[in-house]
Amino acid sequence: MHLNAPPQFAAPALLGCLLVRDEVTLRITEVEAYGGPEDSASHARHGRTARNAPMWGPPGRAYLYFCYGVHWMLNVVTGPEGEASAVLIRGAEVMAGLGCVLAQRKAAKETPQLCAGPGKVAQALGLDGAFDGHDLLAPGGLELRAGLPPRTILTGHRLGIGFATAEHRARPWRFAAGDSLAVLQRKALHPL
DNA sequence: CGCCGGATTTAA
DNA sequence: TAAATCCGGCGA
């Protein structure tokens, strides 16, 4: 993991890494990079505020926020402390604790899309605002660990952004594991 | 202080 | 295709 790097470099490095909480272990399959004030789609676009403060913090911390009044979104803070950037965890596969995940997700059985989507990932891990700012590299609570990196990586544009500026098209912001089906709109991605 | 709209999910 | 359902940030 190279978290002390710009988000577009840290993002693909997070693919295959593990998110562990109690008996649940998820393997990250899809991520999306977000930058600082210069990134018009980032929460940091209006500068530092109470909500996005974790984005300016040291890498390896969690940044969680409530979206659409419905779902929590998990980000891994990247880049050097003092600069804002983070990587949204968009999808994952269940490696352990399937029973817990099914209960959290209120699902009857496992499917490739069980944890495909940022809201689903946080729900599967039972996360909420209490984990905002949590140190993912320290033991306890929610942990980020090295895992099995994908053999190939897919890349493409961001999802859910209602506009597409030249900056957004200039380079890829979304990355996914080529060996996984836990990826939304996989057809929109292409090999790195 | 009130309004607008969003890094989404699910069900109809 | 729309509803669910909050709150951050901006304009007044």
Side-chain angles (χ1 to χ4, degrees), chain A residues 3 6-12 14-15 19 26 28-57 59 61-79 83-94 101-134 136 144 154-165 167-176 181-186 188-189:
Chain A
L3 299 181
Q8 60 270 37
F9 293 105
L14 282 168
L15 293 174
L19 287 168
L26 301 185
I28 298 171
T29 58
E30 184 186 346
V31 297
E32 206 162 86
Y34 285 90
E38 75 289 348
D39 180 356
S40 62
S42 171
H43 283 177
R45 64 185 176 280
H46 296 304
R48 184 171 184 152
T49 66
R51 178 175 69 149
N52 64 30
M55 291 184 72
W56 269 265
R61 297 284 181 82
Y63 164 46
L64 278 105
Y65 74 95
F66 201 44
C67 185
Y68 290 97
V70 181
H71 296 104
W72 286 97
M73 305 284 181
L74 170 65
N75 291 255
V76 174
V77 175
T78 59
E83 286 180 32
S85 68
V87 174
L88 172 69
I89 307 304
R90 289 197 53 92
E93 294 170 339
V94 180
V101 173
L102 290 176
Q104 294 275 180
R105 290 276 302 113
K106 292 168 183 150
K109 60 172 186 175
E110 183 175 27
T111 67
Q113 310 278 287
L114 181 62
C115 299
K120 295 178 180 177
V121 172
Q123 186 181 47
L125 289 164
L127 304 180
D128 59 23
F131 286 83
D132 192 35
H134 179 81
L136 299 169
L144 176 66
L154 305 176
T155 183
H157 64 76
R158 281 167 171 153
L159 294 183
I161 301 298
F163 53 93
T165 65
E167 175 66 11
H168 290 154
R169 285 187 291 264
R171 54 181 164 171
W173 296 92
R174 185 162 76 104
F175 304 87
L181 292 179
V183 178
L184 296 180
Q185 297 191 27
R186 206 162 174 274
L189 303 173

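Every chain is numbered from 1 and lettered A, B, ... according to where its sequence line falls, protein lines coming before strand lines.
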Problem - B/dG2 versus C/dT5 - spacing of their P atoms, nearest Å - result: 23 Å
Problem - N/O (side chain, A/K106) to phosphate O (OP1/OP2, B/dT10) under 4.0 Å - result: no
Practice task
Using atom types as modelled and distance alone, determine if a side-chain donor or acceptor of A/T155 lies under 3.5 Å from a backbone N or O of A/P172.
Solution key: no
Completion exercise
For A/R174, the side chain to side chain donor-acceptor pair (under 3.5 Å) test, sequence neighbours excluded, returns A/E30
Enumerate donor-acceptor pairs with a distance under 3.5 Å from any side-chain N or O in residues 63-72 of chain A to protein atoms, sequence neighbours excluded.
residue : atom : partner : partner atom : Å
A/Y63   : OH   : A/H43   : ND1          : 2.8

Fill in the blank from the handout: In whole angstroms, the gap separating P of B/dT8 from NZ of A/K120 amounts to 12 Å
Exercise for the section: Please check if the side chain of A/N75 supplies one atom and the backbone of A/V77 the other of a donor-acceptor pair under 3.5 Å. Expected result: no
Exercise for the section: List the protein contact pattern of nucleotides 4-12 of chain C with one symbol per nucleotide (5' to 3'): B for base contact, S for sugar-phosphate-only contact, - for none; contact means a heavy-atom distance under 4.0 Å. Expected result: BBB-SSS--
Exercise for the section: For A/R174 and B/dA7, give me the distance from atom CZ to atom P, rounded to whole Å. Expected result: 15 Å
Practice task
Provide, to the nearest angstrom, the distance between the CZ atom belonging to A/R45 and the C1' atom belonging to B/dA7.
Solution key: 9 Å
Exercise for the section: Looking only at side-chain atoms of A/N75, point me to the closest of B/dT8, B/dT10, B/dA7. Expected result: B/dA7
Completion exercise
A/D132 meets the side chain to side chain donor-acceptor pair (under 3.5 Å) criterion, sequence neighbours left out, with none
Practice task
Quickly work out the A/R158 CZ to B/dG6 C1' distance and round it to whole Å.
Solution key: 14 Å
Practice task
Rounded off to whole Å, could you give me the CG-to-C1' distance for the A/L88 and B/dT9 pair?
Solution key: 14 Å
Handout entry: Secondary-structure string, 5' to 3', Watson-Crick or G-U under 3.5 Å, | for another-strand partners, for DNA chain B
Key = ||||||.||||.
Practice task
In sequence, state the C-alpha distance, the side-chain angles, and the governing distance for A/L102 and A/L114, and then conclude on side-chain contact (heavy atoms from CB on, under 4.5 Å).
Solution key: CA-CA 8 Å; A/L102 290 176; A/L114 181 62; 3.9 Å; yes
Problem - Selection residues 46-55 of chain A - residue pairs positive for side chain to side chain donor-acceptor pair (under 3.5 Å), sequence neighbours left out - result: A/T49-A/N52
Handout entry: Side-chain N,O (A/R105) to OP1/OP2 (B/dT9) below 4.0 Å
Key = no
Problem - A/Y34 OH - B/dA7 P separation (whole Å) - result: 7 Å
Exercise for the section: Evaluate the side-chain contact (heavy atoms from CB on, under 4.5 Å) criterion for residues A/V183 and A/L154: first the C-alpha distance (whole Å), next the side-chain angles of each, then the deciding distance (0.1 Å), finally the verdict. Expected result: CA-CA 10 Å; A/V183 178; A/L154 305 176; 5.7 Å; no
Completion exercise
note: A/F175, atom CZ; B/dA7, atom P; distance rounded to Å ~ 19 Å
Practice task
Please report, rounded to the nearest Å, how far the C1' atom of B/dT9 is from the CE atom of A/M73.
Solution key: 9 Å
Problem - Side chain A/Q8, main chain A/A33, donor-acceptor under 3.5 Å - result: no
